[in-house]
Participant: 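Please read through the structure below; I'll follow up with questions.
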Amino acid sequence: MTMENLFRLVDQDQDFFQRKWTLVNGPVIVGDGPSGLATAACLKEQGVPFVVLERADCIASLWQKRTYDRLKLHLPKQFCQLPKLPFPEDFPEYPTKRQFIDYLESYAKHFDINPKFNECVQSARYDETSGFWRVKTIVTSDSNKTEFEYVCRSLVVATGENAECVLPDIEGLSEFGGEVIHACDYKSGEKFKGQKVLVVGCGNSGMEVSLDLCNHNASPSMVVRSSVHVLPREIFGKSTFELAVLMMKWLPLWLVDKLMLILAWLVLGNIEKYGLKRPSTGPLELKNTKGKTPVLDIGALEKIRSGDINVVPGIKRFSRGQVELVNGEKLDIDSVVLATGYRSNVPSWLQEGEFFSKNGYPKASFPHEWKGKAGLYAAGFTRRGLSGASSDAMRIAQDIAQVFKDETKQLRMRTVARHRRYISLSQF
C-alpha cells in the first residue's frame, strides 16, 4: 500500500527524483526541544522509527541560547521531568538552567535520539493523492545550503509555543539611540551596571530580568501595561503549583482560583498599591483560556516594595534617550529590554488550516489539542508547560505506534499470502 501511494506521488511530481529526498518509515518530528525529545523517547519505547528535525545546531536551543543565566525552573522538578526518565536525585527542587540542559542532553543520549541539526523546515503539506506528508527543509553545512525533502505518513509538530520572539512596534523606538534587546538575548545584568534600564513587560521574564538588573546595581523601570497575577512560588513551604494541583483533584477551578488568591493575599499582601493590578479572571482560568502564565515571585516583589524596581504604566512613545509614558511622565533611560514574550512559528511553514489556527496553536483545547487528521500531531501546545508536553508525547506515541503496528501486521499478512500463492503455483 505504501509503495503504491509512493508511485502516485512520483507520477504527479515529475521533478521528484531530481531532488534529494528520503522516505521515512515512521513520523517526522519537527523540533528537538522538550516536546520533541519526549515524543521521540516514547516512540523509541514503542519500537517506532522516526526522524527529528532541528533548525539549530544543538538540543533545546531555546534553553541553551535564548535564556538568561539566572533562570531556574519555576515549578518543582517532579512536574517538569520528561517521560521514562526522572531527574537525578541530587538535583535541587528547582533545577537551574544548566542542570535542565544537562538533563535534556542526557535524556537524548539515554534514548539514542539523534536529531538532524541545522535543518530548517521551509514547508510541510499533506499530499492527499498519495497519502504522504511532504516536509521540505534547507540543510545548512558550513556556508553551503542544500534543499531536502522528507516523505512520511505522519508529522509531529513540536516547535512549541515559544519558537519566535515577539517584537512590539512602539512609536519612536528606532530613534531611541541606546541599546534595545529582546529578553531572549539578555544573559546577565552585569553589562548594565549603573544604567537606567526600561524593562517592557511584567511576566515571569520581565520580573526576573528586573530582579537581576537590581542585583547588578542597575536601576530598572518595569512597564506594567495591563493587569497581572503575581503569586508566591511557595505557600507555607509548599509549592504553589503543587498546592493548586492538589486542590483541583477535589474542587472546581473557580473555587481553587479564589482560594489561591486568598492565600496569595495572606503571603504577599495587597500588591495593587504597587501598580500591579490583578485581572478579574482567576490565575488558573486565565492560564487555561488565554495561555497567560501567572508570575511566581522569587524576590522581585520585595524590590518593588523597596523602590529598587520602579513600576510604570504603558508606553506612549520613545525619543532620543527618553521614554514618554501614557500618564505623561517622561523617563531618561540608557537601555531597553523587551520582555514581550514569544509566539508559535507554525503558520510560517505548515500548509494546513483545519487543525492549527492562524495564531499557530491547535484550534481544539486541552485535552483534545494533540491530534489532527491524516497523521498530523501537535506536541507542547497545551499551555500547561512541561507536564503538558509529556502528556502529549505519551498520547501521540501510543496513537502512532498502534497505526504503525497495524500497518506492519497487514504488510506481513500480505507478504505471507503472496508467498503461499507462489508455493502453490510452483506445484503445477
Side-chain angles (χ1 to χ4, degrees), residues 62 66-71 74 161-230 271-272 274-279 286 290-301 303-304 307-344 359:
L62 174 65
R66 295 162 62 187
T67 51
Y68 37 91
D69 295 341
R70 66 163 287 122
L71 179 65
H74 291 130
E161 302 166 345
N162 302 316
E164 303 289 347
C165 58
V166 175
L167 296 171
D169 183 15
I170 306 175
E171 184 182 347
L173 185 58
S174 60
E175 303 166 14
F176 167 61
E179 183 174 9
V180 179
I181 62 170
H182 190 273
C184 70
D185 296 315
Y186 179 94
K187 298 303 176 187
S188 166
E190 187 174 355
K191 64 181 288 189
F192 298 97
K193 183 178 180 179
Q195 290 191 22
K196 296 176 181 178
V197 184
L198 187 72
V199 179
V200 184
C202 59
N204 278 297
S205 293
M207 287 280 192
E208 287 201 40
V209 166
S210 297
L211 176 59
D212 191 58
L213 286 165
C214 277
N215 292 339
H216 286 89
N217 298 315
S219 300
S221 293
M222 183 176 65
V223 176
V224 181
R225 190 181 61 176
S226 57
S227 54
V228 58
H229 277 301
V230 181
I271 65 171
E272 293 201 6
Y274 303 111
L276 301 171
K277 184 180 179 181
R278 291 196 182 276
L286 196 63
K290 303 294 185 181
K292 191 172 182 180
T293 304
V295 173
L296 295 177
D297 179 54
I298 58 170
L301 196 56
K303 296 292 186 182
I304 291 172
D308 292 324
I309 296 177
N310 179 32
V311 174
V312 300
I315 298 167
K316 185 175 182 180
R317 67 171 66 88
F318 282 94
S319 57
R320 189 76 178 177
Q322 196 174 70
V323 63
E324 182 180 353
L325 306 174
V326 292
N327 63 359
E329 183 182 0
K330 293 182 179 181
L331 300 177
D332 293 327
I333 50 174
D334 301 303
S335 301
V336 177
V337 179
L338 301 171
T340 45
Y342 300 85
R343 61 169 171 248
S344 164
N359 67 358

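Values below: all heavy atoms of this structure, side chains included; hydrogens, waters and symmetry mates excluded.
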Participant: State the NE2-CG distance between H74 and D297, to the nearest 0.5 angstrom.
Facilitator: 10.5 Å

Participant: Check S221 against V312 and note the closest heavy-atom contact, atom names and distance.
Facilitator: CB-CG1, 4.3 Å

Participant: Given side chains that start at C-beta, do those of L198 and I315 come closer than 4.5 Å, heavy atoms only?
Facilitator: yes

Participant: P313 and V326: which non-hydrogen atoms are nearest, and at how many Å?
Facilitator: CB-CG2, 3.9 Å

Participant: Is there a side-chain contact between F318 and I333 (heavy atoms, below 4.5 Å)?
Facilitator: yes

Participant: For C165 versus R66, what's the shortest heavy-atom pair and its separation?
Facilitator: N-NH2, 3.7 Å

Participant: Might you point out which heavy atoms bring V311 and G275 nearest each other, and give the distance in Å?
Facilitator: CG1-O, 3.9 Å

Participant: So, D212 side chain and G189 main chain: donor-acceptor pair closer than 3.5 Å or not?
Facilitator: yes

Participant: Any chance you could measure L331, atom CG, to L325, atom CG, to the nearest 0.5 Å?
Facilitator: 5.0 Å

Participant: Rounded to the nearest 0.5 Å, what's the gap from CZ on R317 to CD on Q322? Could you check?
Facilitator: 11.0 Å

Participant: Keeping the roles fixed (side chain from R225, backbone from V200), state whether a donor-acceptor pair exists under 3.5 Å.
Facilitator: no

Participant: Considering only heavy atoms from C-beta outward, does the side chain of N215 approach that of R70 to under 4.5 Å?
Facilitator: yes

Participant: Could you tell me whether a side-chain N or O of R278 sits under 3.5 Å from a main-chain N or O of V230, the two making a donor and an acceptor?
Facilitator: yes

Participant: Tell me, do H182 and Y342 make a side-chain contact under 4.5 Å, heavy atoms counted?
Facilitator: yes

Participant: If we ignore hydrogens and angles and just use 3.5 Å, is the side chain of K187 paired with the main-chain N or O of T67 as donor and acceptor?
Facilitator: yes

Participant: Between D334 and K196 (side chain of the first, backbone of the second, donor and acceptor by atom type, cut-off under 3.5 Å), is there such a pair?
Facilitator: yes

Participant: If you compare all heavy atoms of C202 against all heavy atoms of V228, which two are closest, and at what distance to 0.1 Å?
Facilitator: O-CG2, 3.8 Å

Participant: Taking the side chain as every heavy atom from C-beta outward, state whether Y274 and I309 have any pair of such atoms under 4.5 Å apart.
Facilitator: no

Participant: Using side-chain hydrogen bond (donor to acceptor under 3.5 Å, both in side chains) as the criterion, list what pairs up with K191, not counting sequence neighbours.
Facilitator: E179

Participant: Assess the residue pair V336 and F176 against the criterion (side chain to side chain contact (heavy atoms under 4.5 Å, CB included)); give the C-alpha distance rounded to whole Å, side-chain angles, the decisive distance to 0.1 Å, and a yes or no.
Facilitator: CA-CA 9 Å; V336 177; F176 167 61; 3.8 Å; yes

Participant: Could you grab the distance from atom CG of L62 to atom SG of C184, nearest 0.5 Å is fine?
Facilitator: 8.5 Å

Participant: How long is the gap from CD1 on I271 to NE2 on H229, to the nearest 0.5 Å?
Facilitator: 9.0 Å

Participant: First locate atom CE of M207, then atom CG of L301, and finally report the distance between them rounded to the nearest 0.5 Å.
Facilitator: 7.0 Å

Participant: Can you confirm whether S319 sits close enough to E324 that some side-chain heavy atom of one is under 4.5 Å from a side-chain heavy atom of the other?
Facilitator: no

Participant: Do any N or O atoms from the side chain of N310 and from the backbone of P220 form a donor-acceptor pair under 3.5 angstrom?
Facilitator: no

Participant: Does E190 have more than 12 heavy atoms from other residues, nucleotides or ligands lying within 6.0 Å of its CD?
Facilitator: no

Participant: In terms of ring plane angle, is the pair F192 and Y186 parallel, tilted or perpendicular, where the classes change at 30° and 60°?
Facilitator: parallel

Participant: Check whether any side-chain heavy atom of K290 sits under 4.5 Å from a side-chain heavy atom of P279, and report yes or no.
Facilitator: no

Participant: Which atom names give the shortest non-hydrogen contact between N204 and P294, and what distance separates them?
Facilitator: ND2-O, 3.2 Å

Participant: Report yes if some heavy atom in the side chain of V197 is under 4.5 Å from a heavy atom in the side chain of H216; otherwise report no.
Facilitator: no

